[in-house]
Amino acid sequence: AARNVLVRGRSAPLPLSGFTDTFVLFMAPPGEFSEAPVALASARKQMATTFLPYGLLYAGGEDDNGDLTDELLIYNVYTHEFQAGEALPQARARMAAASATNGLVYLFGGIGPTRTPVATTWRFDTNAPPAGTYSDVVNNPAFARADAEMAPLGNDQFLVTGSPLAVLDGPVATMVVLDGAPPSAAQ
């Protein structure tokens, strides 16, 4: 890319006081790119991703053979390693993912094994040993869609794009049509 900056990164905040774990800081030479210290085992596309306070979560997607995957990985920015999470309850691609409070992540929609849009929302608790746990939040076929986005509204509520526009309320475990949204609101 003809000397255009494609991506800039920085390390997560380092809690140095009272910090006893080992951490690794990866830095490319100034003004240059370097290969990341880890990589996915195989090519992936159509993965759900979201930021976590300590890294990035990757969920589902299609592998290099075009098969849906149920893999969930967390890239830890302190150790520069992937941590395997509990496998998704079902293989998915084209899901939406959003980080919430207290280590929770909401995973919504996408396409399932039949390659049709689904409406399931899962809550993934990154804190549950040994590799996280899932709980079903809501599954209303009226909200089935792939390629949606989720935008935080606060208090673990998220705007879900697509038609109809919806609001996911994680703590209450509901998804409702956004009040005042036109019935055919497009993504």
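Numbers here simply count residues along the sequence, with the first being 1. Computed over heavy atoms, backbone and side chain alike; hydrogens, waters and symmetry mates excluded.
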*Asks:* Rounded to the nearest 0.5 Å, what's the gap from CG on L72 to CG on L88? Could you check?
*Replies:*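 That separation rounds to 5.5 Å.
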*Asks:* Could you check if a side-chain atom of V105 sits within less than 4.5 angstrom of a side-chain atom of L52, using non-hydrogen atoms only?
*Replies:*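 Yes - at least one pair of side-chain heavy atoms lies under 4.5 Å apart.
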*Asks:* Any side-chain heavy atom of Y134 sitting closer than 4.5 Å to one from E86?
*Replies:*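 They are in contact (side-chain heavy atoms under 4.5 Å apart), so the answer is yes.
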*Asks:* Are the side chains of M95 and Y106 in contact, using a 4.5 Å heavy-atom criterion?
*Replies:*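 No - every pair of side-chain heavy atoms lies 4.5 Å or more apart.
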*Asks:* Kindly give the heavy-atom pair with the smallest separation between F158 and A100, and that separation in Å.
*Replies:*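 So the minimum-distance heavy-atom pair works out to CZ-CB, 4.0 Å.
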*Asks:* Is there a donor-acceptor contact under 3.5 Å from the side chain of R145 to the main chain of V118?
*Replies:*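 Judged by distance alone, no pair lies under 3.5 Å.
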*Asks:* Do the side chain of T126 and the main chain of G103 share a donor and acceptor less than 3.5 angstrom apart?
*Replies:*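 Looks like yes, one N/O pair under 3.5 Å.
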*Asks:* Report the relative orientation of the aromatic rings in Y75 and H80; use parallel for angles under 30°, tilted for 30 to 60°, perpendicular for over 60°.
*Replies:*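 Taking H80 first and then Y75, their aromatic rings sit tilted (interplane angle of 30° to 60°).
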*Asks:* Within a strict 4.5 Å, meaning less than it, do heavy atoms of the L153 and V167 side chains meet?
*Replies:*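 Contact flag for L153/V167 side chains = yes.
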*Asks:* Rounded to the nearest 0.5 Å, what separates atom CG in L104 from atom CG in D156?
*Replies:*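 These two atoms lie 6.5 Å from each other.
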*Asks:* Looking at side-chain heavy atoms only, is the closest gap between W122 and P89 below 4.5 Å?
*Replies:*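 Touching, per the 4.5 Å side-chain cut-off.
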*Asks:* Should L165 and V172 be regarded as members of a common hydrophobic cluster, given that ILVMFWY residues are connected when their side-chain heavy atoms come within less than 4.5 Å of each other, either directly or indirectly?
*Replies:*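 No, L165 and V172 fall in different hydrophobic clusters.
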*Asks:* Nearest 0.5 Å, what's the OG1-OH distance between T69 and Y58?
*Replies:*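 Nearest 0.5 Å value for the OG1-OH distance: 14.0 Å.
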*Asks:* Hey, is the main chain of V137 close enough, under 3.5 Å, to the side chain of T121 for a donor-acceptor pair?
*Replies:*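 Side chain of T121 to backbone of V137: no pair is present.
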*Asks:* Any chance CG of N155 has more than 12 other-residue heavy atoms, nucleotides or ligands included, within less than 6.0 Å?
*Replies:*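 No, CG of N155 has 12 or fewer neighbouring heavy atoms, counting only those of other groups under 6.0 Å.
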*Asks:* What are the two closest heavy atoms between P164 and F143, and how far apart are they?
*Replies:*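 Distance-wise, the nearest heavy atoms are CG-CE2, 4.0 Å.
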*Asks:* Which pair of heavy atoms, one from I111 and one from L68, lies closest together, and at what distance?
*Replies:*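 Residues I111 and L68, closest heavy atoms: O-CD1, 3.9 Å.
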*Asks:* I74, F51: one ILVMFWY side-chain cluster at the under-4.5 Å cut-off?
*Replies:*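 Shared cluster, yes.
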*Asks:* Looking only at heavy atoms, which two atoms of A59 and L107 are closest? And how far apart?
*Replies:*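 Here A59 and L107 meet closest at CB-CD2, 4.0 Å.
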*Asks:* Test: side-chain hydrogen bond (donor to acceptor under 3.5 Å, both in side chains). Region: residues 36-47. Which pairs qualify, not counting sequence neighbours?
*Replies:*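 Pairs touching residues 36-47 that pass the test: R44-E71.
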*Asks:* Is there a side-chain contact (heavy atoms from CB on, under 4.5 Å) between Q90 and T120 once you walk through the steps?
*Replies:* CA-CA 10 Å; Q90 184 181 60; T120 309; 5.7 Å; no
*Asks:* With rounding to the nearest 0.5 angstrom, report the CD to CG distance, Q83 to N76.
*Replies:*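 These two atoms lie 4.5 Å from each other.
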*Asks:* Considering all heavy atoms of both residues, which atom of D169 and which atom of Q157 are nearest to each other, and what is their separation?
*Replies:*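 In this case the closest contact between D169 and Q157 is OD2-NE2, 2.7 Å.
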*Asks:* Please check if atom CG in N102 has more than 12 non-hydrogen atoms from other residues, nucleotides or ligands closer than 6.0 Å.
*Replies:*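 No, the 6.0 Å shell around CG holds no more than 12 heavy atoms from other groups.
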*Asks:* So which pairs with a foot in residues 110-119 pass side-chain hydrogen bond (donor to acceptor under 3.5 Å, both in side chains), sequence neighbours left out?
*Replies:*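 For residues 110-119: E62-R115, T114-T116.
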*Asks:* Does any N or O in the side chain of T133 come within less than 3.5 Å of the main-chain N or O of A128, such that one atom is a donor and the other an acceptor?
*Replies:*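 The answer is no, because no donor-acceptor pair under 3.5 Å joins these two groups.
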*Asks:* To the nearest 0.5 Å, tell me how far E81 CD sits from L73 CG.
*Replies:*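 That separation rounds to 12.5 Å.
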*Asks:* Looking at CG of N127 and CZ of F124, how far apart are the two atoms once the value is rounded to the nearest 0.5 Å?
*Replies:*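 Here the interatomic distance stands at 9.5 Å.
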*Asks:* Looking at V160 and F108, what are the two nearest heavy atoms and their distance?
*Replies:*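 Taking every non-hydrogen atom into account, CG1-CE2, 3.6 Å.
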*Asks:* Please examine the side chains of L40 and F82, heavy atoms only from C-beta on, and report whether any two atoms are closer than 4.5 Å.
*Replies:*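 In contact.
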*Asks:* Would T50 and L56 count as a side-chain contact (heavy atoms from CB on, under 4.5 Å) if you check the C-alpha gap in whole Å, the side-chain angles of each, and the deciding distance to 0.1 Å?
*Replies:* CA-CA 6 Å; T50 190; L56 189 66; 5.8 Å; no
